[in-house]
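So you know, we letter chains A, B, ... as the sequences are listed, proteins then strands, and number each from 1.
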Amino acid sequence: MSNTLLNPQLSILLEIQDMRAQLRELSSGEDGSAPMEEEHFNIDLDEARLHLQEKIDEMVAELSPQIRARYNRIAPNRDRVVVPVIHGVCYGCFVSIPTATAGDQGVHQVVRTCENCGSFIYVKP
Amino acid sequence: MTLRELFTSQSVELSLKAETKDEVLKELIELLGLDSKSEGILFKTLKRRENLGSTGIGKGIAIPHCRSLVVNELRLAYGRKPEGLDFQAIDDAPVHNFFLIVAPPLEVSNQYLPVLGKIAQFAKDPDIPDVLAGLESPEDFLKLLEDRAP
Ligand SMILES: [Zn+2]
């Protein structure tokens, strides 16, 4: 399980993205997983939400100033700050990403964004 | 979509080698056949979920689950550790049966929560731990789902 080719900043963004997904779900009442987490897994929801938010804040602080600035600009307005690129298509806006961005070697060594929607992108192998 | 349709024999392992909580999460993740970078991210996300409270629901069963960007569709795996291992379960008993559930952050079909509920329900059936202990092949597991979780 080596992460040698994954840019550390991209790795942080992916973790933040996953935590935001868990937090959103624990916060969305009957539509989310909150009732199930309480019923089957005995989760203290308030504590869990607080814990996740703290972790997200910690990880955001670990972002480089430039990436953090962009993160802070886009995060309040969208559910997903990092979106997958699958078969050359950005799943944030469903627009094709130029092959130079989507397909070249070392695609996970730098943090890239979609020129169309501005999301950070994670190119799926 | 039935539970049976969400598993393949490749995503079922009846003799897990793991001895610790971290090892078992990694071994379950391997059953999904992701690339190593995705495996690393998924491990961290599952660990964070476990830190909120163990997904060991008692009676030897654990259901580690999360949403993660590293999967494109709902993915499930089942692993069995006949000797059991410490997973800090709700009843403090060793866990023998592990159901892994991973969903993308947003899914069109919205199957994640219903499937999580179905697995939890299936696992709570009083005779299920004994039945799982008696399985001899991944195909037996798939057949069991067909019969018991239609
Ligand atoms: Zn885009």
Side-chain angles (χ1 to χ4, degrees), chain A residues 1-7 10-26 28 30-45 47-52 55-56 59 78-84 86-87 91-92 107-109 120-125, chain B residues 22-23 25-27 29-30 33-58 61-73 89-91 101-108 110 112-121 123-124:
Chain A
M1 270 203 212
S2 83
N3 268 324
T4 43
L5 287 173
L6 193 59
N7 178 297
L10 181 57
S11 175
I12 296 172
L13 282 169
L14 290 168
E15 283 185 56
I16 292 173
Q17 173 62 53
D18 279 358
M19 282 189 284
R20 281 168 57 100
Q22 327 298 331
L23 180 59
R24 190 170 57 245
E25 198 152 75
L26 286 182
S28 49
E30 294 297 311
D31 297 334
S33 61
M36 208 168 291
E37 292 287 4
E38 263 184 323
E39 182 193 341
H40 296 295
F41 301 98
N42 272 341
I43 287 283
D44 181 327
L45 292 174
E47 206 177 292
R49 283 189 286 252
L50 198 66
H51 180 82
L52 279 171
K55 285 287 165 199
I56 291 170
M59 308 255 352
R78 56 185 86 181
D79 283 343
R80 294 201 288 185
V81 286
V82 190
V83 298
I86 305 167
H87 303 305
Y91 271 58
V107 75
H108 293 125
Q109 288 167 29
F120 294 105
I121 54 176
Y122 177 57
V123 181
K124 293 290 183 85
Chain B
D22 282 4
E23 284 171 10
L25 290 175
K26 285 180 185 169
E27 203 174 346
I29 290 169
E30 279 169 23
L34 304 170
D35 64 292
S36 65
K37 287 186 281 288
S38 297
E39 286 183 342
I41 295 287
L42 182 54
F43 175 69
K44 287 183 185 174
T45 302
L46 283 169
K47 279 277 286 182
R48 289 194 195 285
R49 170 60 191 81
E50 292 299 325
N51 289 341
L52 301 178
S54 176
T55 59
I57 57 171
I61 287 169
I63 312 175
H65 59 275
C66 68
R67 284 196 187 268
S68 178
L69 187 74
V70 303
V71 299
N72 298 336
E73 57 187 2
I90 287 168
D91 59 1
I101 309 177
V102 186
L106 304 169
E107 345 148 52
V108 188
N110 238 333
Y112 173 54
L113 296 176
V115 164
L116 184 55
K118 266 191 200 178
I119 294 268
Q121 216 56 53
K124 278 184 175 170

* For P104(B), enumerate each residue passing the side chain to side chain contact (heavy atoms under 4.5 Å, CB included) test, keeping only those at least two apart in sequence or located in another chain. => V71(B), E107(B)
* Residues that E39(A) engages under side chain to side chain contact (heavy atoms under 4.5 Å, CB included), provided they are two or more places apart -> none
* Using a cut-off of under 4.5 Å for heavy-atom pairs, which of L69(B), T45(B), N110(B) has the most such pairs with chain A? -> L69(B)
* Asked: Would E50(B) and T55(B) count as having a side-chain donor-acceptor pair, cut-off 3.5 Å?
  -> yes
* Asked: Which answer fits E37(A), side chain, backbone, both or neither, if we ask what part of it has an atom under 4.5 Å from a heavy atom of chain B?
  -> side chain
* Asked: Tell me, side chain or backbone of H51(A) under 4.5 Å from chain B's heavy atoms, or both, or neither?
  -> side chain
* Asked: At a heavy-atom separation under 4.5 Å, does L34(B) approach chain A through its side chain, its backbone, both, or neither?
  -> neither
* **Donor-acceptor under 3.5 Å (R80(A) side chain, Y91(A) main chain)** => yes
* **Best-contacting candidate, V83(A), D44(A), V82(A), against chain B by heavy atom pairs under 4.5 angstrom** => V82(A)
* Can K47(B) and D22(B) be counted as an ion pair, charged N to O under 4.0 angstrom? -> yes
